[in-house]
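Below: the structure, in structure tokens.
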Protein chains: 2
Amino acid sequence: MPRTRRHQGNCSPGCAVEATLQLIDGKWKGVILYHLLEGTLRFNEIRRRLTSVTQRMLTTQLRELESDGLIARKVYAQVPPKVEYSLTERGRSLKPVISALKAWGDLHAGSADDVEVAA
Amino acid sequence: MPRTRRHQGNCSPGCAVEATLQLIDGKWKGVILYHLLEGTLRFNEIRRRLTSVTQRMLTTQLRELESDGLIARKVYAQVPPKVEYSLTERGRSLKPVISALKAWGDLHAGSADDVEVAA
DNA sequence: CAGCATCCTCTCGGATACTG
DNA sequence: CAGTATCCGAGAGGATGCTG
């Protein structure tokens, strides 16, 4: 797992935008972060909130978020395994970003139709 | 070109986040939007601001942004072709989102190292 | 319960060449 | 200048099965 994903060689002013985007892309990252804003969740709790995500994908995304320092993974040594995921400080600092995404999505939900109607 | 890209069948509360993300993912969309916030730009002007983007990719991304109703494309019937790209109202409404991405990227630039240092 | 391993498909995105 | 067309590899992401 080369953790490469999208080289960000260029660093024009837009670089910061790109850099942030890298952390929350990946089909599930954004939503995972969003749900974790509510608090700590276990693996299957997250999974239930994300209808139609495979364990493989969920695991992958969680691992990436973890190695990006956005979430923390706490494993309890139990017979029925229990793993909790929570946001780190760095992760929590993304809240305004996630909120902005959520807010926009709520307002401008759906396709680009309303634009043409409004125009 | 099925314009499908990432089915968003599930619509838990996190759906809005996911939906917004769909519009600005794609390696260049975010940066393109960011630069267009400054004003109208021609094809090669955008290209110059995005070091190392191929025309093919730029064209693709611009076309997607256009069909998502975020940017407008104006073609001038001239011998040396001239095409201008600008944000639509819908596109401009993404400003807070882009700004949030930019702001976070500026602060938490680099890798997750500073987190561990700070901790 | 919370994974990991394997396989496989499909799309993203890069390189290159040609056009109005 | 601003594209379009074609080819191609890499990796994202899905399905399935096994495990501590």
Side-chain angles (χ1 to χ4, degrees), chain A residues 1-10 18 21-32 35-36 40-68 71-86, chain B residues 1-10 18 21-32 35-36 40-68 71-86:
Chain A
M1 228 172 282
R3 271 272 48 209
T4 317
R5 257 186 349 136
R6 295 183 176 185
H7 58 124
Q8 66 262 49
N10 63 318
E18 179 67 9
L21 232 23
Q22 312 255 334
L23 302 178
I24 57 181
D25 74 354
K27 186 162 193 182
W28 299 107
K29 304 260 192 83
V31 203
I32 292 174
H35 286 294
L36 283 180
T40 300
L41 290 176
R42 296 182 55 177
F43 187 84
N44 276 338
E45 289 179 328
I46 300 178
R47 196 178 169 193
R48 240 167 275 122
R49 280 167 174 73
L50 275 50
T51 36
S52 78
V53 65
T54 60
Q55 329 81 313
R56 182 175 135 66
M57 264 323 289
L58 185 51
T59 304
T60 306
Q61 303 282 289
L62 286 170
R63 286 300 185 288
E64 290 191 9
L65 287 171
E66 189 189 2
S67 77
D68 279 334
I71 67 175
R73 178 166 176 268
K74 178 166 188 180
V75 185
Y76 293 85
Q78 301 183 350
V79 179
K82 174 179 175 182
V83 181
E84 286 183 344
Y85 292 91
S86 57
Chain B
M1 233 173 280
R3 271 273 46 211
T4 316
R5 254 186 349 135
R6 297 185 176 186
H7 57 125
Q8 67 260 50
N10 64 319
E18 179 67 10
L21 231 24
Q22 312 255 335
L23 302 179
I24 58 181
D25 75 354
K27 184 159 196 184
W28 300 108
K29 303 258 193 86
V31 202
I32 293 174
H35 286 293
L36 283 180
T40 300
L41 290 175
R42 296 182 56 176
F43 186 85
N44 275 339
E45 289 178 329
I46 301 179
R47 196 178 169 191
R48 241 167 273 123
R49 279 166 175 72
L50 274 50
T51 36
S52 78
V53 66
T54 59
Q55 330 82 309
R56 183 177 133 65
M57 265 320 292
L58 185 51
T59 304
T60 307
Q61 303 281 289
L62 286 170
R63 286 298 186 289
E64 290 189 10
L65 287 170
E66 190 188 3
S67 78
D68 279 334
I71 66 174
R73 177 168 177 268
K74 179 165 188 180
V75 185
Y76 294 83
Q78 302 182 349
V79 179
K82 174 179 175 182
V83 181
E84 286 184 343
Y85 292 91
S86 58

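Values below: every heavy atom of this structure, side chains too, minus hydrogens, waters and symmetry copies. Residue numbers begin at 1 in each chain, while the letters A, B, ... track the order of the sequences.
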Note to self: Need the bend value for the helix from dC1(C)-dG20(D) to dG20(C)-dC1(D): angle between end axes, 5 pairs each end, nearest 10°.
What the structure shows: 50°
Distance in angstrom units between [X] [atom1] and [N] [atom2], rounded:
X        : N       : atom1 : atom2 : value
Gln78(B) : dG3(D)  : CD    : P     : 13 Å
Met57(A) : dT11(C) : CE    : C1'   : 14 Å
Glu45(A) : dC1(C)  : CD    : P     : 11 Å
Phe43(A) : dA2(C)  : CZ    : P     : 7 Å
Lys27(A) : dT9(C)  : NZ    : P     : 18 Å
Asp25(A) : dG11(D) : CG    : P     : 15 Å
Glu66(B) : dG3(D)  : CD    : P     : 9 Å
Leu62(A) : dA2(C)  : CG    : P     : 11 Å

Note to self: Do Leu36(A) and Leu65(A) have side chains that approach each other closer than 4.5 Å (heavy atoms only, starting at C-beta)?
What the structure shows: no
Notebook entry, point to check: Would you say the side chain of Leu62(A) lies within less than 4.5 Å of the side chain of Ile46(A), judging by non-hydrogen atoms?
Noted result: yes
Margin query: Holding to side chain to side chain contact (heavy atoms under 4.5 Å, CB included), I want the full list of residues that pass it with Glu45(A), two or more places apart in sequence or in another chain.
Written below: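 So Glu45(A) forms a side chain to side chain contact (heavy atoms under 4.5 Å, CB included) with Leu41(A), Arg42(A), Arg48(A), Arg49(A).
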Check: Looking at residues at least two apart in the chain, or sitting in another chain, which of them share a side chain to side chain contact (heavy atoms under 4.5 Å, CB included) with Val75(B)?
Finding: Arg73(B), Val83(B)
Tell me whether the OP1 or OP2 atom of [N] has a side-chain N or O from [X] closer than 4.0 Å.
X        : N      : answer
Tyr85(A) : dC1(C) : no
Arg73(B) : dG3(D) : yes
Arg47(A) : dA2(C) : no

Note to self: Under 4.0 Å, heavy atoms only, any strand: does Gln61(A) hit a base, just the sugar-phosphate, or nothing?
What the structure shows: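 Counting heavy atoms under 4.0 Å across all strands, the contact made by Gln61(A) is with sugar-phosphate only.
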Next item on the list: Please assess Lys29(B) against Glu64(B) for the test side chain to side chain contact (heavy atoms under 4.5 Å, CB included), listing each intermediate value before the final yes or no.
Entry: CA-CA 9 Å; Lys29(B) 303 258 193 86; Glu64(B) 290 189 10; 3.0 Å; yes
Check: For the atom pair CG (Leu50(A)) and CD1 (Ile32(A)), what is the distance rounded to the nearest 0.5 Å?
Finding: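 Here the interatomic distance stands at 6.0 Å.
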Checklist line | With Glu84(B) via salt bridge (charged side-chain N to carboxylate O under 4.0 Å, His left out) - residues at least two apart | finding: Lys82(B)
Note to self: Under the rule for side-chain hydrogen bond (donor to acceptor under 3.5 Å, both in side chains), what residues qualify as partners of Arg56(A), not counting sequence neighbours?
What the structure shows: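 Checked Arg56(A) against side-chain hydrogen bond (donor to acceptor under 3.5 Å, both in side chains); zero matches.
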Notebook entry, point to check: Going 5' to 3' along nucleotides 15-20 of chain C, which nucleotides have protein heavy atoms under 4.0 Å from the base (write B), which only from the sugar-phosphate (write S), and which from neither (write -)?
Noted result: B----B
Check: What nucleotide, of dC1(C), dG14(D), dG3(C), holds the atom closest to the side chain of Arg42(A)?
Finding: dC1(C)
Note to self: Can you give me the closest heavy-atom contact between Trp28(B) and Gln61(B), atom names plus distance?
What the structure shows: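 For Trp28(B) versus Gln61(B), the nearest heavy atoms are N-OE1, 3.4 Å.
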